[in-house]
Structure formats: structure tokens, C-alpha cells
Protein chains: 2
Amino acid sequence: MPIALPPTCCISVNCVVLGFDSKKLNVLLEQREYLIDGKKVVDHMLPGGLMTDNEDLDEAATRLLHEKAGMRNLKMFQFKAYGSRSRIKGRNDIEWMKQQLGVEIVNPLTIGYASVGKIGRKLNLHNAPKGISWFPVEEALKMPLAFDHAILIQDAIKMLQYSIETDPIIVFNLMPLKFTALQLRTLYECIYRKELDVRNFKKKMKQYEYVVPLEEVEQGVAHRAARYYRFDRVKYKKYRRGMD
Amino acid sequence: MPIALPPTCCISVNCVVLGFDSKKLNVLLEQREYLIDGKKVVDHMLPGGLMTDNEDLDEAATRLLHEKAGMRNLKMFQFKAYGSRSRIKGRNDIEWMKQQLGVEIVNPLTIGYASVGKIGRKLNLHNAPKGISWFPVEEALKMPLAFDHAILIQDAIKMLQYSIETDPIIVFNLMPLKFTALQLRTLYECIYRKELDVRNFKKKMKQYEYVVPLEEVEQGVAHRAARYYRFDRVKYKKYRRGMD
DNA sequence: ACAAAAGTGTTTGGAGTACACCCATGA
DNA sequence: TCATGGGTGTACTCCAAACACTTTTGT
């Protein structure tokens, strides 16, 4: 009988969960606490953990997101593998690994997974363990993060930009059921990190028949009320089929 | 002292080496031999192997390409991680793993790396072990390949298409020092897997100042001689800087 | 009245695409 | 003389980008 190799236990998965709150893009971070020379240090990391044996990569991502952030039923997609020793940024990461995992991992291989959604129903912190919270992406990138997690966040956003171009279904999940043109434009501005022209954006919206205008308008705003829109999944599918 | 985790020994790396021979795109495959019920079976796989402990992912890819195909100094880029149990395609893969590696790997995680170049100086089989050879991509995809290697090949080509759009430097490496418009067009047709209009392609070439026409023309061809062109790396860098 | 955001069209330039004929060369 | 590939220009369409004023509503 062949001898089984050690399990795939030194592969980790990290999740970049991007949540939109109708104003800006946020990323989910977990607080990390450890001791350096007896002094408590606190910083942040992406939720994630080690893969177990006999587990698909995709399954591991789903499981870890549930364990670490209390979230279920989120579609995640893999965007990149990271496997350079230079991922370890100084003593902080080394000490944390020793204290948290009880091990020294020489070469920390991680697979980056991303998920995006609107903060609210599915994407909330109700079941999240202590220490998990949202941070605006801009802020998060300036904070001291574990390992190369800042790079993971940037890569995940790049991937998001790319996948929106090939299939904008993702924005469905980032918008509430009804939304204004401003909200939708704000989302695109967050994702592309640049301002978009109001009129050109509206023109674009009109082209897409699956973005349907409603009669309903905003209530109680201190300016002219904006029209609401909704996504029509049936029309979207028809539209997509028409592309082949 | 913390206990070291088992080494990262169940992670494999597979290399999709794409070589252009001025006519078509080829992929490097390794012959795989094993026994099924005492009968010898031969099929093909992408060169690759297991990562060792204390090794960067990128290093592993470079090392494996050297060990398995005798090639050095090739730039490789990672394109995707594959980690589903369904990668294993029936008994063939299971038997091969047992006989070749002496182990049963429950969940074969592999990281796909790609490299592209022109077949010739750097990219040749002079130092390649027996069983390594080039196959036209079209043929390779129809052959029985190990695991999900056909998918890896397709993904690598997709990645190639994408990276050429963002940075066409790759085509520099696929062309000889001097080349005709036909050769360059043929390359693009291979990569995009469709025919391109001659005149429109020429028009495009003229736009790119870093593709410089030479006075020299082909010799001894049975038709009007084609002009040669070359890539100018300095102009290319200038051109790229102008894009920001 | 004023502050704040909504709503609305036109123009321009560049890029992609489709398309057909004559030219030079060696066999 | 013929077969082979080289070389060349125009017209149309589509898309992206730039750009300014009037309307509605609550305070």
C-alpha cells in the first residue's frame, strides 16, 4: 500500500469580502492580537485559515468564511495564489504565527478568494465573532495589515473590475432591490476608483434594457426626488443570450 | 519551541509552455507511462511536479521546468490555482499517482504557471529528457491528457490573450529579431484563434511606432518579397510611459 | 431665496470593420 | 504564364468623452 503524503495542511485561504453600503466599498477585516516582547500588539488581517485535508479549495473558502465571519451562502471566486516567502512582513507575522497557530510556517502559501455583496441581509455581522468588522477600502489599505493582505485586497478589486466587464451580474448583488441612478453610479465609481460623467452614465443605463425605471421616486429628500430603478433578471438573461 | 507543520509537499505546480514556431502555437507535453491491470498505458501530461518545502511558488515553477524539460531562464507567470477533487479523471490518474509518486493524493492542488516564447534559442528540446515534446495546441486539446490539463492549457491561452491586451511585450518574445507582417499576424491569429483582416492589421501595426520597418526584405521566396520589421524596445518603453 | 441633486442631447474624434485590386517574384 | 503572397485606401458604424443649463424640492 502506498504511504499517504501529509495532508494539505499548510495551504491557507484568505477571503476578501467586499461590501457596498450605498456610499462606498468596504472590506471585512479581523482583528489580530499577539505579544511582541511581552507587549500586546493589535492589528488587522483578512479572515481566513488553513485548508484541511480532503477538502476542495472552493469548499475551504466557504467553510472559513463561515467559521471566521459567520457568513453563509456567499458566492466566492478565486483570484490568485500567493506563495513567496517575502509575504511575511517582519517579526509581527512570525510572532503571530507562533502564538496563534503554534507553528512556524516557512513558506506561507495562500489562495485568495473574493466575494462581493451589499451590506445588509446576507452580508452582515450578526453572527460574526468579536473582532470582525467593516472598514472602507481606502482606510483599510492605509492600515497596518498582516502579511501581504493589502496586495490581496487590491488584486481582488482588480479582478472585480475585470469580471464586471465580462458579466455585470455582480452589480445586481451589490444594489438594493430598488435604487437610484446616483447609487448605481457611486458603485461604479467605487469599483473603478474614478469619477464618471453623469450624462454619459445615464446614457449607458438606458442602453441596458434590464435596468428598468420604476414610477416610484425618493421620498423626503431635500432636493428634487430621484427616480428608482430595478434590475430585471429575466431581461438580463435574454440580453446575455443575445451576445453570443 | 513550536512544532513545524509538515512541509508544503502536496502542492504541485504545472507549467503550460507555449512555443511559437512562426506557423502555429505549440504546447510542451510530457509522456506519461503507467500500468493498468498489467497493461502499459501511455498518455500525456503537462510538465510539473511537487513543490518542496521552503521554496517560493515562483521558484518551484522555475525549478520544475528545468528539471522536467531542461529549460532555463524562462519568465513564467502564475495564472490560476486548481483544487477540486474532481480534477482526478478516473483510474488512470489514480494509478499513475500511485505508481509514479508512490502515494495517494486525496486532493490534488496545483498551481498553473504559463510561459510563452519562440521555439528556438531559449526554447528548445536540446536538454529535454526523453518523452518531452511539442504538440500543436489544437492537437493537444484533442489528446487524452492527465487530470484537468486540457483546462489548464485553455486557461493559459485565455490569460495570454488578456495580458497581450494590457501589455503586448509578450509578442516581442514570440517573434524572431526581424519578422514579416505575415508572421506577426499569424501569431495574433494563433492567440485569438481567428482570422484577422490583412489591411486592418497593417493599419494597426503602423500605429505602433515601436514596430519599425526595415529596408531589408525576404530573399528567395516564390512571390513578391515581404518587408522585414523589428521591435524597438526603447520606443516601446517610451510608448508605454505615454499611456499613464 | 437658496442649496442640493435630478434630469436632459449634441458634438467630436478615434477605433474597429468590411471590402477589391494590382504588383513583384520564382517556378 | 501562372501561382503565391505583398502591398495599398476608403467609407461606415459604433463608442467614449466632453460639455451646461433648467427643474424640483425641502429648509
Side-chain angles (χ1 to χ4, degrees), chain A residues 22-24 161-162 164-166 168 175-176 178-230 239 242-244, chain B residues 21-24 161-162 164-168 171 175-176 178-230 239-240 242-244:
Chain A
S22 296
K23 292 268 173 58
K24 52 195 174 347
Q161 289 174 0
Y162 177 70
I164 274 184
E165 271 164 37
T166 59
M175 283 284 119
K178 58 186 189 186
F179 53 87
T180 65
L182 173 61
Q183 286 178 305
L184 188 61
R185 184 160 50 86
T186 306
L187 172 62
Y188 273 88
E189 287 178 341
C190 285
I191 294 172
Y192 289 104
R193 287 154 167 266
K194 69 171 181 181
E195 295 199 346
L196 299 172
D197 181 84
V198 185
R199 279 174 289 185
N200 292 334
F201 189 80
K202 265 282 180 68
K203 205 191 301 171
K204 218 39 186 301
M205 275 177 70
K206 233 182 264 177
Q207 288 178 0
Y208 298 125
E209 53 208 51
Y210 54 84
V211 180
V212 300
L214 304 176
E215 291 310 310
E216 198 180 346
V217 293
E218 284 179 312
Q219 295 296 328
V221 285
H223 53 78
R224 180 169 174 178
R227 176 189 290 279
Y228 280 121
Y229 296 80
R230 69 176 180 83
Y239 169 82
M243 301 195 64
D244 314 328
Chain B
D21 62 7
S22 295
K23 291 267 173 60
K24 53 194 173 347
Q161 290 174 358
Y162 177 71
I164 274 184
E165 271 165 35
T166 59
D167 182 359
V171 301
M175 282 285 120
K178 56 185 190 186
F179 53 88
T180 65
L182 173 61
Q183 285 179 304
L184 188 60
R185 184 160 50 87
T186 305
L187 172 61
Y188 273 89
E189 288 179 339
C190 285
I191 294 173
Y192 289 105
R193 288 154 166 265
K194 68 170 182 182
E195 295 199 346
L196 300 172
D197 181 84
V198 185
R199 280 176 290 188
N200 293 334
F201 189 80
K202 267 283 182 64
K203 203 193 302 173
K204 211 57 187 291
M205 276 178 70
K206 233 183 262 176
Q207 288 178 0
Y208 299 124
E209 54 206 53
Y210 54 84
V211 180
V212 302
L214 304 176
E215 290 311 311
E216 198 180 346
V217 295
E218 285 179 313
Q219 295 295 328
V221 285
H223 52 80
R224 179 168 173 180
R227 176 189 289 280
Y228 280 121
Y229 295 81
R230 68 175 180 84
Y239 169 83
R240 288 245 90 197
M243 301 196 65
D244 313 329

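To find a chain, count down the sequence lines: A is the first, B the second, and so on, and within it residues start at 1.
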> Let me know the distance between OH of A/Tyr188 and P of D/dA16, rounded to the nearest Å.
12 Å
> To the nearest angstrom, how far is B/Leu184 atom CG from D/dG7 atom P?
13 Å
> Strictly distance-based, threshold 3.5 Å: is any side-chain N or O of A/Gln183 a donor or acceptor partner for the main-chain N or O of A/Thr180?
yes
> Taking only residues two or more places apart in sequence, or in another chain, which ones meet B/Tyr229 in a ring-ring contact (aromatic ring centres under 6.0 Å, His included)?
none
> If I take atom CD in residue A/Gln219 and atom P in nucleotide C/dA5, what distance separates them, rounded to the nearest angstrom?
18 Å
> Scan A/Lys206 against the nucleic acid and name what it touches under 4.0 Å (heavy atoms): base, sugar-phosphate only, or nothing.
nothing
> Applying side-chain contact (heavy atoms from CB on, under 4.5 Å), run through A/Lys194 and A/Leu196 and close with a yes or a no.
CA-CA 7 Å; A/Lys194 69 171 181 181; A/Leu196 299 172; 4.2 Å; yes
> Please tell me if the side chains of B/Glu218 and B/His223 come closer than 4.5 Å, counting only heavy atoms from C-beta onward.
yes
> Between B/Glu195 (side chain only) and B/Glu189 (backbone N and O only), is there a donor and an acceptor less than 3.5 Å apart?
no
> Could you pick out which residue, B/Ala222 or B/Arg227, lies toward the 5' side of DNA chain D when each is mapped onto its nearest nucleotide?
B/Ala222
> Rounded to the nearest Å, what distance is computed from the CD atom of residue A/Glu218 to the P atom of nucleotide D/dT23?
20 Å
> Among C/dA27, C/dG7, C/dA15, which nucleotide has an atom closest to any side-chain atom of B/Gln207?
C/dA15
> Give the rounded distance in Å between these two atoms: NE2 of B/His223 and P of D/dT4.
11 Å
> Using whole Å, what does the distance between atom P of nucleotide D/dA17 and atom OH of A/Tyr192 come to?
11 Å
> Measure from OH on A/Tyr229 to P on C/dA6 and round the result to the nearest Å.
10 Å
> What is the separation between atom CD on A/Glu189 and atom C1' on C/dA5, rounded to the nearest whole Å?
14 Å
> If you compare all heavy atoms of A/Asp197 against all heavy atoms of A/Arg185, which two are closest, and at what distance to 0.1 Å?
O-CD, 4.4 Å
> Would A/Glu215 and A/Arg227 count as a side-chain contact (heavy atoms from CB on, under 4.5 Å) if you check the C-alpha gap in whole Å, the side-chain angles of each, and the deciding distance to 0.1 Å?
CA-CA 7 Å; A/Glu215 291 310 310; A/Arg227 176 189 290 279; 4.2 Å; yes
> Which residues, if any, of residues 194-203 of chain A bring a heavy atom under 4.0 Å of DNA chain D?
A/Asp197, A/Arg199, A/Asn200, A/Lys203
